[in-house]
Amino acid sequence: MSPLSKENSIVADMSLAPEGHLKIDWVRQHMPVLNRIREQFEAEQPFKGLKVSITLHLEAKTAYLAKVVQAGGAEVTITGSNPLSTQDDVCAALVEDGITVFAKYNPSPEEFKALNIKALESKPDLIIDDGGDFATLLHSERPDLMENIRGGAEETTTGIIRLKALQKQGILKFPMVAVNDAYCKYLFDNRYGTGQSAWDGIVRTTNLIVAGKTVVVVGYGWCGKGVAMRAKGLGANVIVTEVDAIKAVEAHMDGFHVMPMLEAAKRGDFFVTVTGNRYVIRGEHYDVMKDGAILCNAGHFDVEVNKPELAERSVSQRTVRKNIEEYQLKDGRKLYLLAEGRLVNLGAADGHPAEIMDTTFALQALSLKYVNDNYKNIGVKVENVPYDLDEQVARYKLESLGIAIDSLTPAQIDYLDSWNLNG
């Protein structure tokens, strides 16, 4: 253990470290792609002498990514990107492994923000961001902490939207790689990861059956596709609500009912928001919902379900199970909100499966190396993950599964090249 990391860290309870080590070791055994990259990093030391600050949902899989970056020579500091997803035993284990940690489960909003700022006070050379939280803090409140930053990598759709807004305003100060927009991220993590982990959280928390119920999926992006697909697999009747006509047609052709939210609100037993937008479930929807309807969110921020309007319509609130808040409305109906409207898959479960985060965090690690190697040439902008890195991660994954695929013959390459020349 690094004495410095222990001395500087802020965690809940160091005695929990043994449990955290077991969790990290378990996911490590199921992350073969990241293990391969760790071997490369240990040999090449791409981050030697550099400081890296990370904000992500601080659980075992994220912890292992931090250890892989550390294996590449970095001095790593990490904090949580959501108050309810931080696991105190994992935090303690990371401190014992020489990583500086500023994170606790369920801090107050003020303490949560202070911990994020502490993670940036090392004045890092590189960052891994989630939801654009670091970038927003640095650009709006603490520009003094970004003087050394070469660039970083962003995990989420929400974060990329925020970063592109900074870029459009002409105030973005360093390059960021849009990891979320890589094929291996949104095709697998957003769809299969969110699809499974959201239902892990819902089922684990409520202990209720999904089969035969009506599930309303609010938003049909890649995360919405996964949530709807898994709900269908569990035997639910699935309704999709959308504002994008193309996605609405896609949902219809995928076999789901499509209708406005006000109509869907009358029918749903479970509601899952995956839009990234504000107040997609709100007052007029609560007014027509069934008694006993269950609401939850799988987007980055706790703004998709309008909690103030739900509280205004209620005569009482109480916690009926861990991560289930009951709101009794004035007419006697009861509505239930999971995980305070925060990310249900992490606030009420363990997040995406390890095998899914294996490819996502492999992209994060390689993208961080890419931005460090090329930050002078990239310029100040949001940069896509290079396709060869995306494909490399997929090839590593196939190899770990023992799956081989074909390659183009020289004649096929020439044929395609002729089309490119003539096109």
Between [Y] and [X], does any NZ, NE, NH1 or NH2 come within less than 4.0 Å of an OD or OE carboxylate oxygen?
X      : Y      : value
Lys113 : Glu111 : no
Lys23  : Glu59  : no
Glu383 : Lys381 : yes
Glu154 : Arg162 : no

- Residues Ile281, Asn306; criterion side chain to side chain contact (heavy atoms under 4.5 Å, CB included); working and verdict: CA-CA 6 Å; Ile281 297 181; Asn306 189 324; over 6 Å; no
Tell me, do [X] and [Y] make a side-chain contact under 4.5 Å, heavy atoms counted?
X      : Y      : result
Glu250 : Glu242 : no
Lys118 : Thr100 : no
Ile54  : Thr77  : no
His57  : Ser81  : yes
Leu338 : Asn323 : no
Met31  : Trp26  : no
Val305 : Tyr286 : yes
Leu138 : Ile149 : yes

Sequence-distant partners of [X], side chain to side chain contact (heavy atoms under 4.5 Å, CB included), two or more places apart:
X      : answer
Ala92  : Met14, Ala17
Leu234 : Trp199, Val210
Arg38  : Glu42, Tyr64, Lys67, Val68, Ala71
His252 : Val258

- The single option from Val217, Val218, Leu295 passing side-chain contact (heavy atoms from CB on, under 4.5 Å) against Thr273: Val218
- Under the side chain to side chain contact (heavy atoms under 4.5 Å, CB included) criterion, do Arg267 and Val216 qualify, and how do the steps go? CA-CA 8 Å; Arg267 307 188 188 191; Val216 178; 5.7 Å; no
Tell me whether [X] contacts the main-chain N or O of [Y] through its side chain, where contact means a donor paired with an acceptor under 3.5 Å.
X      : Y      : result
Ser9   : Val11  : no
His285 : Arg282 : yes
Lys213 : Ile209 : yes
Thr86  : Pro83  : no
Ser53  : Ala119 : yes
Thr156 : Gly131 : yes
Asp88  : Tyr105 : yes
Asn345 : Gly351 : no
Asp244 : Lys247 : yes
Asn297 : Gly299 : yes

For the [atom1] atom of [X] and the [atom2] atom of [Y], what is their distance to the nearest 0.5 Å?
X      : Y      : atom1 : atom2 : result
His352 : Thr62  : NE2   : OG1   : 10.5 Å
Gln167 : Ile160 : CD    : CD1   : 11.5 Å
Ile356 : Gln196 : CD1   : CD    : 8.0 Å
Asp125 : Glu147 : CG    : CD    : 10.5 Å
Leu65  : Ile128 : CG    : CD1   : 4.5 Å
Thr214 : Asn237 : OG1   : CG    : 4.5 Å

- Report the C-alpha separation of Arg395 and Ile405 in whole Å, then their side-chain angles, then the decisive distance to 0.1 Å, and conclude whether the side chain to side chain contact (heavy atoms under 4.5 Å, CB included) test is met. CA-CA 9 Å; Arg395 289 187 178 278; Ile405 61 173; 3.9 Å; yes
- Message: To check you understand the geometry: which heavy-atom pair defines the closest contact between Val215 and Ala236, and what is its length?
- Response: CG2-CB, 3.6 Å
- Message: Tell me the closest heavy-atom pair linking Gly80 and Asn116, and the distance in Å.
- Response: O-ND2, 3.4 Å
Quick one: list whatever passes salt bridge (charged side-chain N to carboxylate O under 4.0 Å, His left out) with [X], sequence neighbours left out.
X      : value
Asp287 : Arg313
Lys290 : Asp269
Lys369 : Asp373

- Would you please classify the geometry between the Tyr415 ring and the Trp419 ring as parallel, tilted or perpendicular, with 30° and 60° separating the classes? perpendicular
- Message: Can you confirm whether Ile403 is buried at CD1, in the sense that more than 12 heavy atoms of other residues, nucleotides or ligands lie under 6.0 Å from that atom?
- Response: yes
- Item | Pairs involving residues 397-407, ordered by first then second residue, that meet salt bridge (Lys or Arg N to Asp or Glu O under 4.0 Å) (sequence neighbours left out) | Arg36-Glu399
- Among pairs that include at least one residue of residues 185-209, which meet salt bridge (Lys or Arg N to Asp or Glu O under 4.0 Å), considering only residues two or more places apart or in two chains? Lys185-Asp189, Arg204-Asp350
- Message: As a quick check of understanding, evaluate side-chain hydrogen bond (donor to acceptor under 3.5 Å, both in side chains) for Asp25 and Gln29, giving each step before the final call.
- Response: CA-CA 6 Å; Asp25 188 55; Gln29 295 177 59; 3.2 Å; yes
- Contacts satisfying ring pair (Phe, Tyr, Trp, His ring centres under 6.0 Å) that involve residues 367-405 (not counting sequence neighbours) are none
- Task: Hey, could you give me each pair passing ring pair (Phe, Tyr, Trp, His ring centres under 6.0 Å) that has a residue in residues 139-165? Not counting sequence neighbours.
- Result: His139-Phe174
- Task: Begin from the C-alpha positions of Asn190 and Asn180 and carry the test side-chain hydrogen bond (donor to acceptor under 3.5 Å, both in side chains) through to its verdict.
- Result: CA-CA 9 Å; Asn190 293 8; Asn180 181 78; 3.2 Å; yes
- Message: My understanding is that only residues two or more places apart in sequence, or in another chain, count here; which of them pass ring-ring contact (aromatic ring centres under 6.0 Å, His included) with Phe41?
- Response: Phe47
- Query: Do the numbers put Lys225 on top of the ring of Trp222, so that NZ or CZ is under 6.0 Å from the six-membered ring centre and no more than 45° off the axis?
  - Reply: yes
